[in-house]
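Heads up, the thing below is written out as structure tokens.
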Amino acid sequence: MESLVFAMSTETNRHRASQVDPDHAGTAPEPTILAAARSLLNRVLVGHGVSVRITEVEAYNGPDDPASHAFTRTPRSEIMYGPPNRLYVYQIHTHHCANVVTSPEGQGSAVLIRAGAVIDGVQAARDRRGGVADHLLARGPGNLTRALGITKADLDTDLLDPVGVHLLPADPASDPTAGGHVIAGPRVGVRLAADRPWRFWIDGEPSVSAYRRHPRA
């Protein structure tokens, strides 16, 4: 969330998998934001005529995470301190990024939706994205929002309300964590707390974006 200059990447996946968090290993319970992030994998995000099955996410832990917009409470990050299940949309250059606020009011945690597989409205997604392969339509956070038609006009949407951008209810039968198919690794393009393995993706999923480390991390 701190830096997403690589949002439109379509290179071969280089995921840098890891299961150890150097900031928390052996010292404290896992932050609840991590379970919240993993629980969004395989959920379906619906927006403006297109539905995407989420395949990659990143967790940002509010004031305990220097890479988070909510590390310092500002007018822009105030929505992250509001009620959960709200859509936080911000813009980097010409790209929008979509985040799900997951924590109770006052805590400031959110999950960035990094990638997904388009499962409905494929032609609308193709029209928005241009001539790319279908597995690339929502690969990377900027591509995902473009495929879904999400902009800052969708900021603060209630994702549990089936009107507008929303998440479909979770299907326990499609939980990827149950079969050990979720991989963890460092977050993409962040300069601070760069080695926390707080990025999660579904193993073997072609829609997952490439890993790139911030040059000053």
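For reference, positions follow the sequence shown, starting with 1. Source: prediction; values computed, not measured.
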Note to self: Can you give me the closest heavy-atom contact between Leu148 and Val46, atom names plus distance?
What the structure shows: CD2-C, 4.5 Å
Item checked: Heavy-atom pair of closest approach, residues Ile202 and Asn42 -> CD1-OD1, 3.3 Å
Next item on the list: Any chance you could measure Phe71, atom CZ, to Asp65, atom CG, to the nearest 0.5 Å?
Entry: 8.0 Å
Next item on the list: State the OH-CD distance between Tyr81 and Gln107, to the nearest 0.5 angstrom.
Entry: 10.0 Å
Next item on the list: Output yes when a side-chain donor or acceptor of Glu58 lies under 3.5 Å from a complementary backbone atom of Val188, and no otherwise.
Entry: yes
Next item on the list: Measure the CZ-CG distance between Arg38 and Asp175 for me, rounded to the nearest 0.5 Å.
Entry: 10.0 Å
Checklist line | Close side-chain approach of Leu40 and Ile113, heavy atoms under 4.5 Å | finding: yes
Next item on the list: Would you name the heavy atoms of Leu137 and Ala125 that are closest together and state the gap between them?
Entry: CD2-O, 3.9 Å
Notebook entry, point to check: Within the side chain of Arg86, is there an N or O that forms a donor-acceptor pair under 3.5 Å with the backbone of Asp156?
Noted result: yes
Margin query: Just verifying a value: how many Å separate Asp171 CG and Arg53 CZ, rounded to the nearest 0.5 Å?
Written below: 12.0 Å
Checklist line | Test item: Thr102 side-chain N/O and Ala36 main-chain N/O as donor-acceptor pair under 3.5 Å | finding: no
Check: Looking only at atom types and distance, does a side-chain atom of Tyr90 sit under 3.5 Å from a main-chain N or O of Asn99, one as donor and one as acceptor?
Finding: no
Notebook entry, point to check: Any chain of hydrophobic side-chain contacts (each under 4.5 Å) joining Leu167 to Ile119?
Noted result: no
Check: Do Arg199's NZ or CZ and the ring of Tyr211 fall within the cation-pi criteria of under 6.0 Å and 45°?
Finding: no
Next item on the list: Decide yes or no for Leu34 and Trp198: does some side-chain heavy atom of the first lie under 4.5 Å from some side-chain heavy atom of the second?
Entry: yes
Item checked: Validation row: Leu112, Pro141 side chains within 4.5 angstrom (heavy atoms) -> yes
Margin query: Donor-acceptor check, side chain of Arg43 to backbone of Leu168, threshold 3.5 angstrom: yes or no?
Written below: yes
Checklist line | Side-chain donor-acceptor contact under 3.5 Å, Glu205 with Ser207 | finding: yes
Note to self: Looking at Arg129 and Asp134, is any side-chain nitrogen of the basic one under 4.0 Å from a carboxylate oxygen of the acidic one?
What the structure shows: no
Check: Taking the side chain as C-beta and beyond, is there a heavy-atom pair between Arg114 and Leu144 under 4.5 Å?
Finding: no
Note to self: Is there a side-chain contact between Arg196 and Tyr60 in this structure, where contact means two heavy atoms from C-beta onward sitting under 4.5 Å apart?
What the structure shows: no
Next item on the list: Could you give me the CA-CA distance, side-chain angles and deciding distance for Trp201 and Val182, then say whether side-chain contact (heavy atoms from CB on, under 4.5 Å) is met?
Entry: CA-CA 6 Å; Trp201 66 92; Val182 174; over 6 Å; no
Next item on the list: Could you state whether Val44 and Val52 fall into the same hydrophobic cluster, counting links through intermediate Ile, Leu, Val, Met, Phe, Trp or Tyr residues with side-chain heavy atoms under 4.5 angstrom apart?
Entry: no
Next item on the list: Starting at CG of Leu41, measure out to CG of Asp203 and round the result to the nearest 0.5 Å.
Entry: 11.5 Å
Checklist line | Flag side-chain contact, heavy atom, 4.5 Å: Ser68 against Met80 | finding: yes
Note to self: Is there a side-chain contact between Leu159 and Leu45 in this structure, where contact means two heavy atoms from C-beta onward sitting under 4.5 Å apart?
What the structure shows: yes
Check: Short question: side chain of Ser51, backbone of Asp120 - any donor-acceptor pair under 3.5 Å?
Finding: no
Next item on the list: Compare every heavy atom of Val190 with every heavy atom of Ala194, then report the nearest pair and how far apart it is.
Entry: CB-O, 3.6 Å
Next item on the list: May I ask you to decide if Leu160's main-chain N or O and Asn85's side chain share a donor-acceptor pair within less than 3.5 Å?
Entry: no
Check: With no hydrogens and no angle check, is any side-chain donor or acceptor of His95 less than 3.5 Å from a backbone partner on His93?
Finding: no
Check: Any chance the side chains of Asp154 and His96 put a donor and an acceptor closer than 3.5 Å?
Finding: no
Margin query: Give me the atom names and distance for the closest heavy-atom approach of Ser109 to Ser103.
Written below: N-OG, 3.0 Å
Note to self: Quick check: closest heavy atoms across Asp195 and Arg213, and the distance to 0.1 Å?
What the structure shows: OD1-NH1, 2.9 Å
Check: Does the side chain of Lys152 reach to within under 4.5 Å of the side chain of Val89, using non-hydrogen atoms?
Finding: yes
Check: For Ala59, does its backbone N or O pair with a side-chain atom of Arg187 as donor and acceptor, under 3.5 Å?
Finding: yes
Next item on the list: Output yes when a side-chain donor or acceptor of Arg139 lies under 3.5 Å from a complementary backbone atom of Ala115, and no otherwise.
Entry: no
